[in-house]
Protein chains: 4
Amino acid sequence: MTESGELAPDRPIPSENHLADEYGVARLTARRTAQELRERGLIVTVRGKGSFVVEHPPTGAPADDEDKPTG
Amino acid sequence: MTESGELAPDRPIPSENHLADEYGVARLTARRTAQELRERGLIVTVRGKGSFVVEHPPTGAPADDEDKPTG
Amino acid sequence: MTESGELAPDRPIPSENHLADEYGVARLTARRTAQELRERGLIVTVRGKGSFVVEHPPTGAPADDEDKPTG
Amino acid sequence: MTESGELAPDRPIPSENHLADEYGVARLTARRTAQELRERGLIVTVRGKGSFVVEHPPTGAPADDEDKPTG
DNA sequence: GTGGTCTAGACCACT
DNA sequence: GTGGTCTAGACCACT
């Protein structure tokens, strides 16, 4: 999983500035990408620290969409 | 008034380092909190000594917002 | 008035990142400088836009230090 | 020169807090030690960064004691 | 051993 | 692509 520059668990992903710089995109674009990964549960973000790959990502239940069943 | 962890007049509040440690935040964040208490007149800060609770804090007139009524 | 690098009214001053880079200081330090100019009424700051020189700055009456003479 | 835990050129020396912790002395004591090394030209200190060992320390001319001869 | 201020660098809110 | 705020951690001023 880490052979071709992919991300490893418990390692910080490159910062928003770095990603923006690296891929020649706007910081907002980098931010949106991180936001999407976060919503999918693939990374967790800590203010002032960075974003980190989660070890066991969920298989399809984003935090914001979950619906507690009444029964 | 001091039974449940509340602050007592003329007693130093926990230091910035202690508060940062206690609440798991950076020292700068703890400093900002102290700064707010200072602006509200609730504590006074002495360099090299600590911050102290004032005995008779203002009842609702922060330095920048005060409005002297005419009547 | 703008010949030797001085600031012009209604023009943004260099960004915090630029100033930090220019003078070799941390961004927080550049921010503190801007904060002082703001408190003196020399610039106004708009989030996401920048800081701008005011046209008619106060002539010497900072909010906290002003002393109305009786005579 | 680096065999028994001694300091290496261009490497930061342990911080004041670390030294104080390591040797069980007060921070003030650690600070005074660093100050003496600084006065002897053995280390240079950068605010917010740390103190660094100089490569070619002077052989006996501390910065504060030097006397410019008039002749 | 406290509060004061700095470096470095991260994400956040907004335009 | 700006200003806002945070983490982490260094030395400084003072008592």
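Computed from a predicted structure; not experimentally measured. Within every chain, numbering begins at 1; the chains are lettered A, B, ... in the order of the sequence lines, protein sequences first and strands thereafter.
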(message) Applying a 4.0 Å non-hydrogen cut-off, can you work out what B/Arg27 is touching in the nucleic acid: base, sugar-phosphate, or nothing?
(response) base
(request) Check whether any side-chain heavy atom of B/Val53 lies under 4.5 Å from a side-chain heavy atom of B/Leu42, and answer yes or no. (result) no
(message) With a 4.5 Å cut-off on side-chain heavy atoms, are A/Ile43 and A/Ile13 touching?
(response) yes
(request) Taking heavy atoms of chain A and a 4.0 Å limit, find me the 5'-most and 3'-most nucleotide of DNA chain F within that range. (result)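 In short, chain A contacts DNA chain F from F/dG1 to F/dA8.
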State, to 0.1 Å, how close [X] and [Y] come at their nearest heavy-atom pair, and which atoms those are.
X       : Y       : value
B/Gly41 : B/Val54 : O-CG2, 3.0 Å
B/Thr45 : B/Ser51 : OG1-OG, 2.8 Å
A/Ala30 : A/Ala20 : CB-N, 4.2 Å
C/Asn17 : C/Arg27 : OD1-CD, 3.0 Å

(request) Starting from the 5' end of DNA chain F, give me the residue, D/Asn17 or B/Gly48, whose nearest nucleotide shows up first. (result) D/Asn17
(message) Pick the closest DNA chain F nucleotide for A/Lys49 and for C/Arg38 by heavy atoms, then say which residue is nearer the 5' end.
(response) C/Arg38
(message) Tell me whether the count of non-hydrogen atoms from other residues, nucleotides or ligands lying under 6.0 Å of CZ in A/Arg32 goes above 12.
(response) no
(request) Using the rule that two of Ile, Leu, Val, Met, Phe, Trp, Tyr join whenever any of their side-chain heavy atoms come within less than 4.5 Å, decide whether A/Leu19 and A/Val25 are in one cluster. (result) yes
(message) For the helix from E/dG1-F/dC14 to E/dC14-F/dG1, what angle separates the axis at the start from the axis at the finish, each from five pairs, in steps of 10°?
(response)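 So the angle between the two local helix axes works out to 10°.
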(message) Which is more 5' along DNA chain E, the nucleotide nearest C/Leu28 or the one nearest B/His18? Just name the residue.
(response)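 Going by which nucleotide is closer to the 5' end, it is B/His18.
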(request) For C/Arg32 and for B/Ser15, locate the closest nucleotide of DNA chain E by heavy-atom distance; then report the residue assigned to the nucleotide nearer the 5' terminus. (result)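 It is B/Ser15, whose closest nucleotide lies nearer the 5' terminus.
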